[in-house]
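Below you'll find the structure, written out as C-alpha cells, and then a few comments.
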There are 2 protein chains.
Amino acid sequence: MPLAMDVKDIDRLDKIIQRGRPIQSGEHLYRAGDVFSSIYAVRSGSIKTYLVDDEGVEQITGFYLPGEVLGFDGIDNTDHGCNVVALETSTVCEIPFNRLEELTLQIPTLQRHFSQLMSRQIKSDHQMLLTLSKKNAEGRVATLLSSLSHRYSRRKLSPNALRLPMSRMDIGNFLGLTIETVSRTFSRLQKENIIDVDGREVVINNHDRLNEICHKNR
Amino acid sequence: MPLAMDVKDIDRLDKIIQRGRPIQSGEHLYRAGDVFSSIYAVRSGSIKTYLVDDEGVEQITGFYLPGEVLGFDGIDNTDHGCNVVALETSTVCEIPFNRLEELTLQIPTLQRHFSQLMSRQIKSDHQMLLTLSKKNAEGRVATLLSSLSHRYSRRKLSPNALRLPMSRMDIGNFLGLTIETVSRTFSRLQKENIIDVDGREVVINNHDRLNEICHKNR
DNA sequence: CGTGGGATTGAAATCTATCAAGGGCTGTGG
DNA sequence: CCACAGCCCTTGATAGATTTCAATCCCACG
C-alpha cells in the first residue's frame, strides 16, 4: 500500500492477504454478479475492469497496474458490480473483505487507509469524467499516455518508454473513441514528433508538448 | 441514510450531525483546497459539485438531491478535491469526519454503511463514464432525465413532472455537450412527444420511449 | 420601458464515426 | 519452407453528429 503504516500493522494485514495463482491474459478474475468477498491489489501484469449495461454495451472503467487496488465498487452489495480481466499474465493479492473489516477494528488507521483508497478512486473517476466530457481525441489519448507514464515512473520504470498492455480497441473503448480515431491520433502525435509509436511500444519524446495536448479541449 | 441501521445507533449518529444555516443559490458550501473535515448530506434544495483543472476548465461531477451524501472525494487528503455550490436555497447536514471515525469504532456496522455509500458513488461515477463515452446527445439527456425522475420518485415526488434545479449550461457541462445541443435535444424529445419542456419544467409523457433513448448510442 | 442573462433556433464549419481496403505479424498446416 | 488464415492495426474517403457562430426570443428585474 502506498500509504504510511506501522510495521506491526502491516504484518497483521499481510497475514490475511492471499496470493493467488497467476491469471492468464484474457482470463477473468471475477465477473459482474459474482459474490463479493474480496478486494484485490495487482502484484504483476495489468488488469482492466469493465461494466456491461442492459443493452450489452461494454465500458472499460479502468486499467490497473502493479500496486493499484481494485474492487471497491462491490462493497455496497453482495456481488461485484463489474468484470475484471487480465490484459496479460498477471498476479494479484486477494484481500478478504470481512477479515479486513475485523482488522480495521483493531487497527483504526487501517480504516482510514481504505477510505483514502476509495476516495482516490472517486477522484480518479472524476478526472476521467472531465477527460471524456471536455477533451477531444488528442487530449484523451495524450491524457492516457501521460497517466500511464506517471504510473510507470512511480514504479521506478522509465517514464519515456512504455509498452501498452492494452489493445487499440481497449483504448478506444476506454476513451470513448473508435479504434480508427485512436490509431489516427497516435499517428498524428508521431508525425509531430511528440511520441514514437510501434504497435504497443510507445516512446514519449516531448513530455511538455504531450502535457499541453492533454489540456487541449474540444 | 438509506440503509438499515439500529435505532440506538442512529441516535448516536444524530448527535454528531450538525445542521447548518441555509445556503443561498450560487453560494459555495466549500471549495477545492478548503480544509477537509466533514462530509455532507443534502436535507433540502439541490447541490452541484464540480472540479476545475489546471487550465481552468470546469467539469460538473454530480448533482445532489435531498438524502444524497457528498464529499467522499476529500477523505484521501487534508483538503477537498472539488467545489460544492447550491443550485437553489438549500440546507445540508454536516457530518464531522473525525467524530464519525471515532463512532465507527463503537458501531462496526456504521463503517460498512459508509463504505457502501462510497462504493455507490464509485458505481454511479462508472455509469456516468459509460454515458459520456458511449451515448449520443439524446442518450445523455434522456439518461439525466431518467435519473432525476427515479431519484425524485424515491423521495415520494412525481416521477412524471419535475423541475430541473440546474441551468442548461450546467446540464451541458455535466453531459459534455454545448447548451445549444442540450436545447436542441430537449426540443427534439418534445417534438416526438416524449417529454414536454417549458424552461426548467419538464413533464415525462413516455417513460418507455425515454428509457429506450437512454440506451441509444453513438 | 429598457437591460441582461438564459434559452432557442438556424446555417456553416469541424471533428469523429463509418465504410472500405490493405498491411504486417503470428501461428498453423501442407 | 512456404502458403494461408486470422487478428490487430493503419490509412483513405465519405457521411453524420455536434460545435461554432450568429441572430433572436423570452422573461425577470431594476
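In what follows, every chain begins at residue 1, and chains take the letters A, B, ... in the order their sequences are listed. Quick caveat: nothing in here was measured; it's all calculated off a predicted structure. Side chains are part of it too, since the values below use all heavy atoms of this structure and drop only hydrogens, waters and symmetry mates.
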For atom [atom1] of [X] and atom [atom2] of [N], their distance in whole Å:
{"X": "A/L189", "N": "D/dT10", "atom1": "CG", "atom2": "P", "value": "12 Å"}
{"X": "B/I213", "N": "D/dA17", "atom1": "CD1", "atom2": "P", "value": "14 Å"}
{"X": "A/R188", "N": "D/dT11", "atom1": "CZ", "atom2": "P", "value": "11 Å"}
{"X": "A/D170", "N": "D/dC7", "atom1": "CG", "atom2": "C1'", "value": "14 Å"}
{"X": "B/N136", "N": "D/dT19", "atom1": "CG", "atom2": "C1'", "value": "15 Å"}
{"X": "B/K135", "N": "C/dA17", "atom1": "NZ", "atom2": "C1'", "value": "19 Å"}
{"X": "B/K134", "N": "C/dT18", "atom1": "NZ", "atom2": "P", "value": "11 Å"}
{"X": "A/Q190", "N": "D/dC9", "atom1": "CD", "atom2": "P", "value": "15 Å"}

Do you know which two heavy atoms are closest between B/V42 and B/V92, and how far apart they sit? CA-CG1, 4.2 Å

Residue pair A/Q59 / A/N173: nearest heavy atoms and the distance that separates them: NE2-O, 3.3 Å

Once you measure the plane-to-plane angle for B/H80 and B/F36, does it fall in the parallel (<30°), tilted (30-60°) or perpendicular (>60°) bin? perpendicular

So which of B/Y50, B/Y152, B/F174 actually passes ring pair (Phe, Tyr, Trp, His ring centres under 6.0 Å) with B/F63?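 Only match with B/F63 under ring pair (Phe, Tyr, Trp, His ring centres under 6.0 Å): B/F174.
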
Please tabulate, for the side chains in residues 190-198 of chain A, all donor-acceptor contacts under 3.5 angstrom to protein atoms that are two or more places apart in sequence or on a different chain.
{"from": "A/Q190", "atom 1": "OE1", "to": "A/V197", "atom 2": "N", "distance (Å)": "2.7"}
{"from": "A/E192", "atom 1": "OE1", "to": "A/R209", "atom 2": "NH2", "distance (Å)": "3.2"}
{"from": "A/D196", "atom 1": "OD2", "to": "A/N205", "atom 2": "ND2", "distance (Å)": "3.3"}

Any side-chain N or O of A/T178 less than 4.0 Å from the OP1 or OP2 oxygen of C/dA17? yes

Take nucleotides 3-10 of chain C nucleotide by nucleotide from the 5' end and write B, S or -, depending on whether a protein heavy atom sits under 4.0 Å from the base, only from the sugar-phosphate, or from neither. ----SBBB

Apply the side-chain hydrogen bond (donor to acceptor under 3.5 Å, both in side chains) test between B/K123 and each candidate in A/D125, A/D76, A/D73; give the one that qualifies. A/D76

